[in-house]
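The analysis underlying the following values was restricted to heavy atoms, covering all of them including side chains, and did not include hydrogens, waters or symmetry mates. Since this is a predicted model, take the numbers as computed values, not measurements.
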Amino acid sequence: MNFKIELLKKRTLLKIKKYLYGIPLSKSHIPGSIIFLILIQNIIASFSYKKLSRSDKPSNFPITGEKDSFNSPIWRGTNGFDWYWRLHMDQRKFITANTVEDILALPIEILKCKVFKNSYKESFTRDSILSFAAEFGEKVEFTQKINDKVKEEISKSSGKYEYIHVRSDSEISIKSKRPFLVGQGIPLYQEEKTSKDLVLLLFIDGLADRSILGINKLEDFMPNTAKYFSKGFDFRQHYASSEWTLPSVANFFTGQYTQNHKLFHPNKSTFLPSNIETLSEIFSLSNYMTFQAGGNWRVTPKYGYQRGFDRNIYQREMNAAQVIDHFVENQNTFQCRSTFSFLKFFDIHHDLGHINHLSNSIDLFDLTRSSNDLNVKSVYESKDPVKTAIYINKIRSLDARLGFLYSYLNNLEKTKRISVFLCTDHGRSFLSNDNCPLSLARTRIPFLFKSSDHSELREINEFTENIDIFTSILNDSNISICSSKADSRLPLSLGGSNERKFSFSQSLYPGQTYKAIFRELNKSTYIESKQLVDQSGLIDITRMEEFTLKINNVISHDKIPKRYQTFLHSLFANI
């Protein structure tokens, strides 16, 4: 199936009958002007699709540069298994997407599969879930043999992934006249013992620390979250390693600074390097079933975030209720497996300029919106009380939805060993008058950690960074890593031996000056280059005497401290 072709299929009359009017109509009843407008819309969408395909930006997934993206793997794997995507839980009988935005919003499921020309046969020794997908409408013959019993089925393919419960000691065969995909079987029962039964990483895009809003207690900000993490760790001096989503998520998912993982360019087709292991790959190798759901378009599978995941469900700007529903379904299915799940929440990140929630119709009358230029990037926005009020309402709304997730987890904790981590990538610039991309409003962020091993709440005031989440998660699961392969450091409070003396945040953005800030107790050291970062992420780090230096926001003519210079030299040596 090819979306370029799909956009131009001659289904205009059927679309109008079924979706525009909602009643059966004959061709003579349909105004010619409507037919003409829809045809024009299809043509415009086709040109827009081709333009986005040529750019091949990972953020535009599922639109890719492949000639037939639906049948081409988005990432190559091993042993003949590659990652392919199919539509997921789409109830429409016909695909009626008429715009590029409609295509970008399609629900997608990504699995690691192998292509078989017309037949597949394999014997299984463990109860498993087996996935397969054939072309839409193709007849598929399925046979399962268990001892002397034979189960046969013939059906027409939906074009989506379909699942089979494969019994142990069985032989499976699938036949179809045209090539089809078969995924790797996912065992239903855990054989190798692991330290945890469930490790859950909750990522909320754009969540600032409550201190930025003048809120002292988490329960006054996110009551359900505060209640759930009332036994655990609340890191109060935690900072984003980068100022925006693309590099920041890669920081904690790889435990590497941006110069190492190299995801920083907003327009290039860059991917997580194959020589750097991600959290999902490490957990997969450690005998965990791995799952991901969410819709952050700077964290798409095309960037490499499908690596290591047994299942990956992606839908651009997927809402919290959908994310939680997908997780619960997966967790219930694999309840006898140790699982690692990565859930991404995008609910508070966007549309802050529009009063689009019912809760946002209250208490906004007396507030005045700032005169922000709509073309100004979010990292440079000035303080806006209306956006701030909407932002707080959205956080509270998200927290209410997370309450359902916490309730589900509380039930699981009665019989399972669970660890839950809550993190983010950056704060919001419109929360303060400081429009520097490394301002406190942008880089001071929350990090919460709860394990079934904890019995009380501990507020941690040592300096930690987002890259430290990587080591914290693995250490909690008793998974060892080679310390030389990660910039991540285990916090002293979690058993580490080398406490950070300062926190480090940086802005490495092509075409802009390089910026970095080092925070210590009662002191911040900010530096900014005069030279612009080039397209490969380089600046001349040897010319530090030309950098602007600020100590506690006051320009200083002193030299940049030697320990900071040494730190930066080691980072840029990896570009």
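When side chains are defined from C-beta on, Y288 counts as touching T194, because their heavy atoms get closer than 4.5 Å.
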>> Between F253 and Y305, is the ring pair (Phe, Tyr, Trp, His ring centres under 6.0 Å) condition met? List the steps.
In response: CA-CA 9 Å; F253 213 68; Y305 286 98; 5.5 Å; yes

> Given F271 and W75, is the ring pair (Phe, Tyr, Trp, His ring centres under 6.0 Å) satisfied, shown in steps?
Replying inline: CA-CA 10 Å; F271 319 102; W75 199 273; 5.6 Å; yes

> Checking salt bridge (Lys or Arg N to Asp or Glu O under 4.0 Å) for the pair D399/R401: CA distance, chi angles, key distance, verdict?
Replying inline: CA-CA 5 Å; D399 182 67; R401 287 158 177 78; over 6 Å; no

>> side chain to side chain donor-acceptor pair (under 3.5 Å) for S248 and D425? Distances and angles first, verdict last.
In response: CA-CA 5 Å; S248 189; D425 50 353; 5.5 Å; no

> What's the verdict on salt bridge (Lys or Arg N to Asp or Glu O under 4.0 Å) for E191 and R126, showing C-alpha distance, side-chain angles and the deciding distance?
Replying inline: CA-CA 10 Å; E191 289 189 344; R126 300 174 64 180; 3.4 Å; yes

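Residue pairs meeting the salt bridge (Lys or Arg N to Asp or Glu O under 4.0 Å) criterion with at least one member in residues 291-311, sequence neighbours excluded: E109-R311, E281-R307. Within the structure, ring pair (Phe, Tyr, Trp, His ring centres under 6.0 Å) contacts touching residues 180-211 (residues at least two apart or in different chains) are F203-F252. Contacts classified as ring pair (Phe, Tyr, Trp, His ring centres under 6.0 Å) and involving residues 458-478 (residues at least two apart or in different chains) are not found.
Legend: residues meeting salt bridge (charged side-chain N to carboxylate O under 4.0 Å, His left out) with E459, ordered by chain and number and at least two apart, are R210. Applying the side chain to side chain contact (heavy atoms under 4.5 Å, CB included) rule to D169 yields no partners; only residues at least two apart in sequence or on another chain are considered. Annotation: side-chain hydrogen bond (donor to acceptor under 3.5 Å, both in side chains) contacts of N332 (sequence neighbours excluded): Y408.
For the pair E162 and K160, the salt-bridge criterion is not met [side-chain N within less than 4.0 Å of a carboxylate O]. D82 has a carboxylate O that lies under 4.0 Å from a charged side-chain N of R76, or vice versa, which qualifies the two as a salt bridge. A salt bridge is defined here as a Lys NZ or Arg NE, NH1 or NH2 lying under 4.0 Å from an Asp or Glu carboxylate O, and E462 with K501 fails to meet this definition. Remark: E465 engages R500 in a salt bridge, criterion side-chain N to carboxylate O under 4.0 Å.
Between F421 and F447, the two ring planes are parallel [angle under 30°; tilted spans 30° to 60°]. The aromatic rings of Y257 and F504 stand perpendicular to each other, their planes meeting at an angle above 60°, with 30° marking the opposite boundary. Taking the six-membered ring for Trp and thresholds of 30 and 60 degrees, F309 and F342 have nearly parallel ring planes, at less than 30 degrees apart.
Ring to ring, Y406 and Y228 are close: their centroids are under 6.0 angstrom apart. For an aromatic pair to be called close, the ring centres must be under 6.0 Å apart, and H454 with F233 satisfies this.
Looking only at atom types and distance, the side chain of Q331 has a donor-acceptor partner in the side chain of T339 under 3.5 Å away. Of the N and O atoms on the side chains of T258 and S242, at least one donor lies less than 3.5 Å from an acceptor on the other residue. Side chains of N466 and N251: no donor on one and acceptor on the other come within 3.5 Å.
Applying salt bridge (Lys or Arg N to Asp or Glu O under 4.0 Å) to D197 and the options K416, R337, R417 leaves one that passes, R417.
One N or O on the side chain of D209 and one on the backbone of S211 form a donor-acceptor pair closer than 3.5 Å.
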